[in-house]
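Comments concern the structure below.
Here the structure is a predicted model, which is why all the values come from computation and not from measurement.
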Amino acid sequence: MTYLIKGGTVIGPTGASPADVLVDGEKIVALFAPGAAPHQDETIDATGKYVIPGAVDAHTHMELPFGGTHASDTFDTGTRAAAFGGVTTIVDFAVQRYGEVVQDGLAAWHGKAEGNCHIDYGFHMILGGVTDDSLKAMDQLVTDEGISSFKLFMAYPGVFYSDDGQILRAMQKARDNGAMIMMHAENGPAIDVLVKQALERGETDPYYHGVTRPQELEAEATSRAIWLASVAADCPLYIVHLSASKALEQVAAARDQGRNVFAETCPQYLYLTLEDQLGAPGFEGAKWVCSTPLRSKHENHRADLWRGLRTNDLAVVSTDHCPFCMKDQKELGLGDFSKIPNGIGGVEHRVDLLYQGVVDGKLSLARWVETIATTPARMFGMYPKKGIIAPGSDADIVLYDPNGQTRISAATHHMNMDHSAWEGWEIAGKIDTVISRGTVVVRGDEYKGRKGHGQYVRRGLSDYLV
Ligand code: DUC
Ligand code: ZN
Ligand code: ZN
């Protein structure tokens, strides 16, 4: 089907301009000055709307096994919720557990996702064990499977943790095959000492999850990862879920030297705090137990992170979507914060929450689109198929109403969670229409998409390297 999206203002990484967008089948075929397009029988009226590329969430965890349970969104529920939030592509983390063959972990993730996704999806690979075999597998995944990024953990000893020697070996391999190393940068062994000491003092509430993961241990790990990448001949390095000022300083210093060091942050670190959320009365704070943790409102983290987004020291905003219900899941940590499954669900709200940053004067319109769509597509080898409104690109398009209003609540969200980290928040802007490869999947509050529409995206190497 061919149709024209008429009367809107197209926003891209270089700014805004009024334009009409011609879609043919699954692709964008042309952009026209307003009114200049040949007549089309089918049109979508975008008057008064921003026309932005479908958002790309490069960090989600559907069905992740964690802390004795599984993240509560399946690929079905999670990608449907993502579509409601203006997301047309996710990149989820396939998991190689310790001792498992990498390709078997990947096959398991394909098994979970295939036929169940409402929007397009790709995979990063979590390496739970760095061995000769998994290093070899990295080459095969880059060459044959469209997986060009690998996540390692400096945290969670005994679960996902890799030591410095293992990290260095994986970085050397990535340097050779062009892949990106994604790093969970927190000093896990030191955190485990602080956790044990806190529990011995009887400090068991969710608040202490934050206290026992101080920003120094994020900054130290970030710095160590940057040095290790330097030893690996400037292997491309991407720090995930950066939350703290001191960690940002490490990234900024490396970038000032022209290094291939990049970082993302997430909406929770831009808005929420250790005191107001993690420190909520009783067990309530469990809703916001995630790692890296929320930071203190008495320090400058949130302002520094917004600044980092403006200066591109933070290139991407992802969600680290990893939802757990309070009932039976977060509750596993009643009386012991270290047993609360780590994660916040937010795949549905990132586009709106970042638009609020535009309204608040913290981000330009162009930077909004760049950080939620264009740069993640470029960073992870999906551009220009994804992340841009341009001829030849997939017709992944969101009509966004800048004058609308969004109210967030567990009663109305579509994620499979019995609470919302953003309950009662009223924010500016509203998703109006979401188009995935030419098909309207959301119009207003109505769902028009279908399970199985989403296709696996084979990714190339990053085109964001300096
Ligand atoms: N952090 C989380 O909060 N959840 C899943 C894994 C992670 O690194
Ligand atoms: Zn992580
Ligand atoms: Zn994560």
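- For the residue pair H453 and S436, a side-chain donor N or O sits within less than 3.5 Å of a side-chain acceptor on the partner.
- Listed by first and then second residue, the ring-ring contact (aromatic ring centres under 6.0 Å, His included) pairs that reach into residues 378-399 are H124-F380, Y238-F380, sequence neighbours excluded.
- Under 3.5 Å, the side chains of S243 and R295 contain a donor-acceptor pair of N or O atoms.
- Remark: K386 engages D396 in a salt bridge, criterion side-chain N to carboxylate O under 4.0 Å.
- Formation of a donor-acceptor pair under 3.5 Å by the D57 side chain with backbone atoms of T319 is found in this model.
- Ion pairing between D276 and K297 holds under the 4.0 Å rule for side-chain N and carboxylate O.
- Checked against the 6.0 Å centroid criterion, the rings of W288 and Y207 do not qualify as a close aromatic pair.
- With hydrogens and angles left out, the side-chain atoms of E348 and H414 include a donor and acceptor closer than 3.5 Å.
- A donor-acceptor contact closer than 3.5 angstrom is absent between the side chains of N116 and D76.
- For the pair Q356 (side chain) and A428 (backbone), a donor-acceptor distance under 3.5 Å is present.
- A side-chain donor from one of D320 and H61 sits under 3.5 Å from a side-chain acceptor of the other.
- Evaluated for a salt bridge (Lys or Arg N to Asp or Glu O under 4.0 Å) with K430, the options D401, D445, D352 yield exactly one hit, D445.
- With 3.5 Å as the limit, one finds a donor-acceptor pair spanning the side chains of S134 and T131.
- Remark: Y269 engages no residue in a ring pair (Phe, Tyr, Trp, His ring centres under 6.0 Å) (not counting sequence neighbours).
- Side chain to side chain, T273 and R302 fail the donor-acceptor criterion of an N or O pair below 3.5 Å.
- A distance-only check finds a donor-acceptor pair linking the side chain of N416 to the backbone of S72 [under 3.5 Å].
- Looking only at distances, a side-chain donor or acceptor of S393 sits under 3.5 Å from a matching main-chain atom of P384.
- A centroid separation of 6.0 Å or more is found between the aromatic rings of F75 and H118.
- Ionic pairing of K385 and D394 is present here: one or more N-O contacts between side-chain nitrogen and carboxylate oxygen are shorter than 4.0 angstrom.
- In terms of heavy-atom proximity, Q329 sits nearest to H70 at NE2-O, 2.8 Å.
- In this structure, the side chain of R169 does not engage the main chain of V130 through any donor-acceptor pair within 3.5 Å.
- Under the 3.5 Å distance criterion, with hydrogens and angles disregarded, a donor-acceptor pair is assigned to the side chains of R213 and S291.
- In this pair, Y271 and W306 present their aromatic rings perpendicular. The plane angle is above 60°, beyond the 30 to 60° band.
- For Q140, the side chain to side chain contact (heavy atoms under 4.5 Å, CB included) partners at least two apart in sequence or on another chain are Q103, D144, E145.
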Starting from the C-alpha separation in whole Å, work towards a yes-or-no answer on side-chain contact (heavy atoms from CB on, under 4.5 Å) for I427 and Q405. CA-CA 6 Å; I427 45 179; Q405 215 32 43; over 6 Å; no
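- Atom NZ of K339 has 12 or fewer neighbouring heavy atoms from other residues, nucleotides or ligands inside a 6.0 Å radius.
- For F84 and H413, the ring centers are positioned 6.0 Å apart or more.
- Note on R367 versus E370: salt bridge recorded, some NZ/NE/NH1/NH2 to OD/OE distance being below 4.0 Å.
- What you find for A83 and I119 is that their closest heavy atoms are CB-CG2, 3.9 Å.
- Within the structure, no pair that satisfies the ring-ring contact (aromatic ring centres under 6.0 Å, His included) test touches residues 326-345, not counting sequence neighbours.
- Ring to ring, W109 and Y456 are not that close: their centroids are 6.0 angstrom or more apart.
- In terms of the ring pair (Phe, Tyr, Trp, His ring centres under 6.0 Å) criterion, residue partners of Y156 (sequence neighbours excluded) are, by chain and number, F66, F153, H184.
- For H59 and H241, the ring centers sit closer than 6.0 Å to each other.
- Taking the six-membered ring for Trp and thresholds of 30 and 60 degrees, F123 and H110 have ring planes more than 60 degrees apart, a perpendicular arrangement.
- A distance-only check finds no donor-acceptor pair linking the side chain of K6 to the backbone of A19 [under 3.5 Å].
- Side-chain contact of T2 with Q40: a donor-acceptor pair under 3.5 Å is absent, judged by distance alone.
- Checked by atom type, the side-chain pair T89/D120 shows no donor-acceptor distance below 3.5 Å.
- Side-chain N or O atoms of D24 include none that pairs as donor or acceptor with a backbone N or O of V29 at under 3.5 Å.
- Around CZ of R310, the count of heavy atoms belonging to other residues, nucleotides or ligands within 6.0 Å exceeds 12.
- Sorted by first then second residue, the salt bridge (Lys or Arg N to Asp or Glu O under 4.0 Å) pairs that include residues 404-426, not counting sequence neighbours, are R407-E426.
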